[in-house]
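Just so you know, these numbers use all the heavy atoms, side chains as well, and skip hydrogens, waters and symmetry mates.
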Amino acid sequence: MRLELRTEAWPYATPFRITNYVFTDAEVLVARLADGERVGRGEAGGVYYRGETPAVMADQIEAVRGEIERGVDREALRSLLPAGGARNAVDAALWDLEAKRLGRPVWDLAGTPPPRPLRTTFTIGAGAPDEMARAAAGAYAGARAIKLKLTDEDPAACVRAVRAARPDVWLAVDANQGFTRAALEQLMPAMVEAGVAMVEQPFPVGCDGELDGLASPMPIAADESVQALDGLAGLVGRYDIVNIKLDKCGGLTEALAMAREARRLGLKLMVGCMSGTSLAIAPAFVLGQLCDFVDLDSPTFLGGDREVPAVYADGDLWCPDDLWGGP
């Protein structure tokens with residue numbers, strides 16, 4: 001196999017704010033694996049809070065280029081590279097290449113159900129209550145499920161404003177580790193009143209014990225608190241849902257293993273994404289066929305996308321075979 005790595009920058013249409021971070025563009029690494037005329041592609045944005053940039057991921061892959069080009073398989077790759085964006089980019093390229101070699105779509109190779117459109121959440125970045133409400137009723141008017149990025153700046157008012165603007169949508173909130181237990185408990189009445197259906201990653205990593213004894217009226221999802229397969233067991237009894245992201249765990253191969261183990265542990269499944277184009281979303285779309293919750297909207301923040309993009313219509317997501325993973 002011949003390996004090619006390319007760094008790309010895809011500007012956001014407008015800046016996107018979460019707790020302690022503002023995104024202005026999606027910097028991604030694209031891996032291409034060629035076997036004769038067949039080419040497999042994979043994209044990774046990396047995990048920003050772990051310091052993964054395209055340059056860092058490229059260096060990780062270059063260190064094992066020889067093993068990859070000699071013909072590594074997906075299981076061997078899990079030992080060759082650590083969980084993270086670098087492994088995700090190569091793993092996706094291997095899946096795509098295998099689909100082309102065998103003439104079978106990735107979903108068939110992975111043993112997931114035939115793909116169907118997925119109802120995805122659309123995420124509104126943190127802002128003032130009136131700004132978030134205008135977004136919900138304007139730019140996100142076609143959304144059927146909305147997730148709010150909240151900070152410690154008047155989160156109850158943000159929840160109320162968005163619910164008033166969009167009484168029809170499924171609604172979730174994501175603190176990105178930004179709450180204390182006292183802040184979460186203070187916010188609970190407003191979330192109950194607004195019919196919030198899920199709270200994602202309320203507390204910082206390492207503070208998961210703050211959930212002990214918390215009588216939450218809505219399920220709580222772990223994002224930053226679980227990175228890969230070996231972190232699942234620690235969620236039991238504290239979290240109800242695990243948010244699996246391919247950039248965190250190192251690709252679709254690990255993600256499928258996580259999905260099986262999470263179900264065994266009694267956890268519900270969510271698929272999420274870091275920043276990136278439709279090429280990064282397509283492998284997650286395969287995993288999404290197994291999930292209870294889907295949050296795969298990152299290409300919608302960009303000013304442009306791939307030549308063959310994912311399709312967002314009436315609140316749903318569809319990834320065509322000729323985007324990625326087709327025979």
Side-chain angles (χ1 to χ4, degrees), residues 47 74-75 78 83-84 87-88 91 107 110-116 118-121 123 145-148 150 170-181 184-185 187-188 191-192 195-274 283-296 317:
V47 183
R74 289 180 284 102
E75 281 302 320
R78 293 175 71 194
R87 194 210 293 169
N88 179 30
D91 180 79
W107 64 264
T112 61
R116 69 192 191 284
L118 298 175
R119 177 61 46 90
T120 182
T121 60
T123 305
I146 285 178
K147 186 170 78 171
L148 307 180
L150 297 181
W170 182 94
L171 193 61
V173 304
D174 184 0
N176 286 110
Q177 311 182 66
F179 289 165
T180 62
R181 176 155 172 165
L184 179 61
E185 290 178 329
L187 181 60
M188 285 289 186
M191 290 195 293
V192 170
V196 169
M198 181 179 69
V199 177
E200 186 176 348
Q201 195 64 45
F203 305 140
V205 173
C207 298
D208 305 295
E210 292 295 303
L211 291 168
D212 293 346
L214 178 70
S216 175
M218 66 276 300
I220 297 179
D223 181 1
E224 290 91 343
S225 284
V226 59
Q227 299 292 311
L229 180 63
D230 59 4
L232 286 174
L235 305 182
V236 177
R238 289 175 173 165
Y239 293 95
D240 308 287
I241 304 162
V242 54
N243 187 350
I244 303 173
K245 294 180 178 177
L246 273 58
D247 269 327
K248 287 192 304 181
C249 72
L252 180 60
T253 303
E254 178 98 357
L256 291 168
M258 288 184 72
R260 291 191 295 269
E261 178 63 6
R263 289 292 192 202
R264 189 189 70 81
L265 293 171
L267 296 166
K268 290 191 173 182
L269 301 178
M270 177 178 178
V271 58
C273 58
M274 308 303 282
F285 177 74
V286 175
L287 178 67
Q289 305 300 320
L290 305 175
C291 292
D292 306 288
F293 308 94
V294 175
D295 182 21
L296 297 177
L317 163 67

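Within the 4.5 Å cutoff, the side chain of L269 has heavy atoms near those of the R263 side chain. Side-chain contact between L256 and L290 is present, with heavy atoms from C-beta onward closer than 4.5 Å. Between L184 and M191 the shortest side-chain heavy-atom distance falls below 4.5 Å. Residues I220 and L214 meet the side-chain proximity criterion, which asks for heavy atoms closer than 4.5 Å. A heavy-atom distance below 4.5 Å is found between the side chains of L235 and V242. The shortest side-chain heavy-atom distance between E185 and F179 does not fall under the 4.5 Å cut-off. Taking 4.5 Å as the limit, every side-chain heavy atom of T112 sits out of range of all side-chain heavy atoms of L287. Under the 4.5 Å side-chain criterion, counting only non-hydrogen atoms from C-beta, M218 is in contact with M188.
A donor-acceptor contact closer than 3.5 angstrom is absent between the side chains of T253 and E75.
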Between D223 and K245, does a side chain to side chain contact (heavy atoms under 4.5 Å, CB included) hold up when you go through it step by step?
CA-CA 8 Å; D223 181 1; K245 294 180 178 177; 2.8 Å; yes
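When all heavy atoms of R238 and L211 are compared, the closest pair comes out as O-CD1, 3.8 Å. Here the closest heavy-atom approach between residue L296 and residue F285 is recorded as CD1-N, 3.9 Å. Nearest heavy atom pair, residue A228 against residue A83, reads CB-CB, 4.0 Å. Smallest separation of non-hydrogen atoms from I244 and C249: CG2-SG, 4.3 Å.
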